[in-house]
Number of protein chains: 2
Amino acid sequence: MVPTGRVTIRDVAKAAGVSVSTISKVMNNRDGISEATQHRVREVIDELGYVSSVSARSLRVHRTGVIGVLISDFEPYATEVLKGIAQECHGSPVELMAWSGGTVQDGSARGWEQRLIARLAGTVLDAAILVAPSMTSVPFDRFAMVAIDPHEGPGFIPSIRADDAGGARLAVDHLVGLGHRRIAFLGGRADLASARAREQGFREAMAGHGLVVDEALVVRGDYSLEGATGPAHELLSAADPATAIFAANDLSALRVIEVARELGIGVPGQVSVVGFDDIPESLRSVPSLTTVAQPMIEIGRRAASVLFQLMAREDVPETDVQLPTRLVVRDSTAAPRRD
Amino acid sequence: MVPTGRVTIRDVAKAAGVSVSTISKVMNNRDGISEATQHRVREVIDELGYVSSVSARSLRVHRTGVIGVLISDFEPYATEVLKGIAQECHGSPVELMAWSGGTVQDGSARGWEQRLIARLAGTVLDAAILVAPSMTSVPFDRFAMVAIDPHEGPGFIPSIRADDAGGARLAVDHLVGLGHRRIAFLGGRADLASARAREQGFREAMAGHGLVVDEALVVRGDYSLEGATGPAHELLSAADPATAIFAANDLSALRVIEVARELGIGVPGQVSVVGFDDIPESLRSVPSLTTVAQPMIEIGRRAASVLFQLMAREDVPETDVQLPTRLVVRDSTAAPRRD
DNA sequence: AGCGGTAATGAAAACGTTATCGACATCGAT
DNA sequence: ATCGATGTCGATAACGTTTTCATTACCGCT
């Protein structure tokens, strides 16, 4: 705990009166070191508080025992999934790291995941779980990866997702059951499989009920609060507004509720709102949000479990897992006002 | 995106027909490189998808632009705080990383934070926020650190915490107001300032109401679900049980509710339970948990903000911030049954 | 022609590790 | 005595970067 610089393996070597290689061998439990020196070295290590540097170590050996969760931001969905991943890692010898790379904009053409993977893979990380990545193929074959809600496109990464289309149908069924006919859709990040599937599910369900979707009432955000502001305004101040809005995720739905409040539009009095995800915040909003719940914790656990199999080079039978959703009715939906 | 190994700076150099140093200079916008080569190099970089390796880079230069949140586990409290930290980092050029080191047990005498700091500081990380660390002094002076709910002891790290004692008083006042006299306390990790302050607040409030605390009804867990199991059983199957249990954090309180259910003890019918924190899970439990809410998001934001000041070598006026708590009454508390 | 000055580039050392391999004892067996 | 094993240990070369410093080329001067 000397307040100056870090203590390196060389310091330990000098203090113990042996070579650097010896320290390294002791640190890594390699054999070929006598009991005696081993003991002495350990004492010095403890005394000096020496711990090997990850960067230096990982630069040399390419197994680190660390798996990374790469997310664009620590937002509620990602953190819930993270809890699940952490649960699954419990007891296993891996360390868990979550890296958020969304904010960095260095003008590169690639997405944040591409850069993060390139920077971390094979050095800091042994394997990674990507949350809502816009990349679609694995860059290295030595590097195990699993995607949660992957990009829609060619290429392939083993992935875990919710039954997005089915969930969307649940939402529409609920609204139609309440008597809504004119239903708007606020979509998510256009590149994600989930956003596409939810929109498709929305359209299918509408058609199934014999309802037409007014394309003027189909707008798209990017799954974030900020990104939903514009679309929400658009929907809420439309000439012929909808009586209900189905947002492709909770964050967007919550912003719809906020914007509605700003505009003096009552929820669910004048417009019903239903979301998708069931993040913790949805329960706390006023009014609380009716939403399609997806098992975020379970999704995280499954992702980690598949990743472990991949890392062990085991055959991964189900390589595109899809988990069920369910409708959670709260206070943001009601029968439409009779006009 | 060749599926073999990573592309290094040397590959780029070879492909561009220049030296390694030149590539490095272009990557870091150093001057002394002609427009022409600069352009050509950038093309090759893009084409090859080259991104510099964090480990290698951070090994050399000791500024990385990454700040770390060091937590023992991705549990609800930590992830909420993380959201706040992330909010504060938004728009700033730093990258955010959360590293969980709780599970690693390598027999060293030091806590996980000590090891994590030693491994990451000055190499991967520019600065760190420690959540509930059991360490108490800063290891390097070159390394900015802020603690959230620090260890109780000598030494000093700038810290952010909730008004723990005050919050505990709110809890006791609420229970006493409902008519409870025999109140048990389930404490937290004994080394943490928060756990100590909450216990002290509990005792003071009890005394303030002229109530004696039965030491048989004061037990301690470690803030985790698992760690609360034993103490919960102890409390719930005591010879002369309490009519209300105040747990030092929500996780413990939630486990008390679970154990009560297992034992067929009704909450709040036979025993009232109040927690501390107001994590998202408390709202979802059955019955929902009455708890002392602390502003976790705000705590995260403040921690990040103080850390930024520290990193900028600014004077940090308040260096031990304390934020207010408030009582949230839900369904796990009620008046005691008349005997 | 010779000079200094500037601009562009490259060679090489360093960062803190680990792995390979060779050096040196020691020792039992021939 | 000599030999080969065996057991400990240390030099050294990587790993992929950045930085310092030297080198080269070119230019405009006298």
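Everything numeric here is computed off the predicted structure, so don't read it as measured data. Excluded from the calculations below are hydrogen atoms, water molecules and symmetry mates; all remaining heavy atoms, backbone and side chain alike, are included.
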### Message
What's A/Ser52 touching, base or sugar-phosphate or nothing? Going by heavy atoms closer than 4.0 Å.
### Response
sugar-phosphate
### Message
Is the phosphate of D/dC9 approached by A/Thr22 (side-chain N or O, under 4.0 Å from OP1 or OP2)?
### Response
no
### Message
Would B/Arg40 and B/Glu43 count as a salt bridge (Lys or Arg N to Asp or Glu O under 4.0 Å) here? Give the steps.
### Response
CA-CA 5 Å; B/Arg40 185 158 40 90; B/Glu43 273 183 354; over 6 Å; no
### Message
Which nucleotide wins on minimum distance to the side chain of A/Arg30, given the candidates C/dT18, D/dG16, C/dA19?
### Response
C/dA19
### Query
Taking OP1 and OP2 of C/dT18, is either one under 4.0 Å from a side-chain nitrogen or oxygen of A/Ser21?
no
### Task
State, yes or no, whether a side-chain contact exists between B/Leu96 and B/Ile67 at a heavy-atom distance under 4.5 Å.
yes
### Query
Does the side chain of B/Arg10 get closer than 4.0 angstrom to OP1 or OP2 of D/dG16 through an N or O atom?
no
### Carboxylate-amine/guanidinium proximity below 4.0 Å for B/Arg119 and A/Glu95
yes
### Message
Please classify the nucleic acid contact of A/Ser55 as base, sugar-phosphate, or nothing, using heavy-atom distances under 4.0 Å.
### Response
nothing
#### Entry: side-chain N/O A/Ser19 vs D/dG10 OP1/OP2, d < 4.0 Å
yes
### Message
If you assign B/Gly17 and B/Thr123 each to the DNA chain C nucleotide with the nearest heavy atom, which residue ends up on the more 5' nucleotide?
### Response
B/Gly17
### Task
Answer with base, sugar-phosphate or nothing: what part of the nucleic acid does B/Ser58 contact at a heavy-atom distance below 4.0 Å?
nothing
### Per A/Ala56 side chain, nearest of listed nucleotides D/dT8, D/dT17, C/dG16
C/dG16
### Task
Look at all strands and tell whether B/Val18 reaches a base, only sugar-phosphate, or nothing, counting heavy atoms closer than 4.0 Å.
sugar-phosphate
### Query
Is A/Asp31 salt-bridged to A/Lys25, going by a charged N under 4.0 Å from an acidic O?
no
### Message
If you only use heavy atoms from C-beta on, which nucleotide in D/dC9, C/dG10, D/dT18 is closest to the side chain of A/Thr37?
### Response
D/dC9
### Message
Using the side-chain heavy atoms of B/Thr8, tell me which of these nucleotides is nearest: D/dT17, C/dG16, D/dC9.
### Response
D/dT17
### Phosphate contact (C/dA14 OP1 or OP2) by B/Arg60 side-chain N/O below 4.0 Å
no
### Query
Should A/Arg6 be listed as having a side-chain N or O under 4.0 Å from OP1 or OP2 of C/dG16?
no
### Query
Is the distance from OP1 or OP2 of C/dA19 to the nearest side-chain N or O of A/Ser24 less than 4.0 Å?
no
### Query
Whole Å only: how far is the CD1 atom of A/Ile9 from the P atom of D/dA14?
19 Å
### Phosphate OP1/OP2 of D/dC15: any B/Ser53 side-chain N/O under 4.0 Å
no
### Message
Whether B/Arg6 and B/Asp11 form a salt bridge (side-chain N of Lys/Arg under 4.0 Å from carboxylate O of Asp/Glu) is what I want to check.
### Response
no
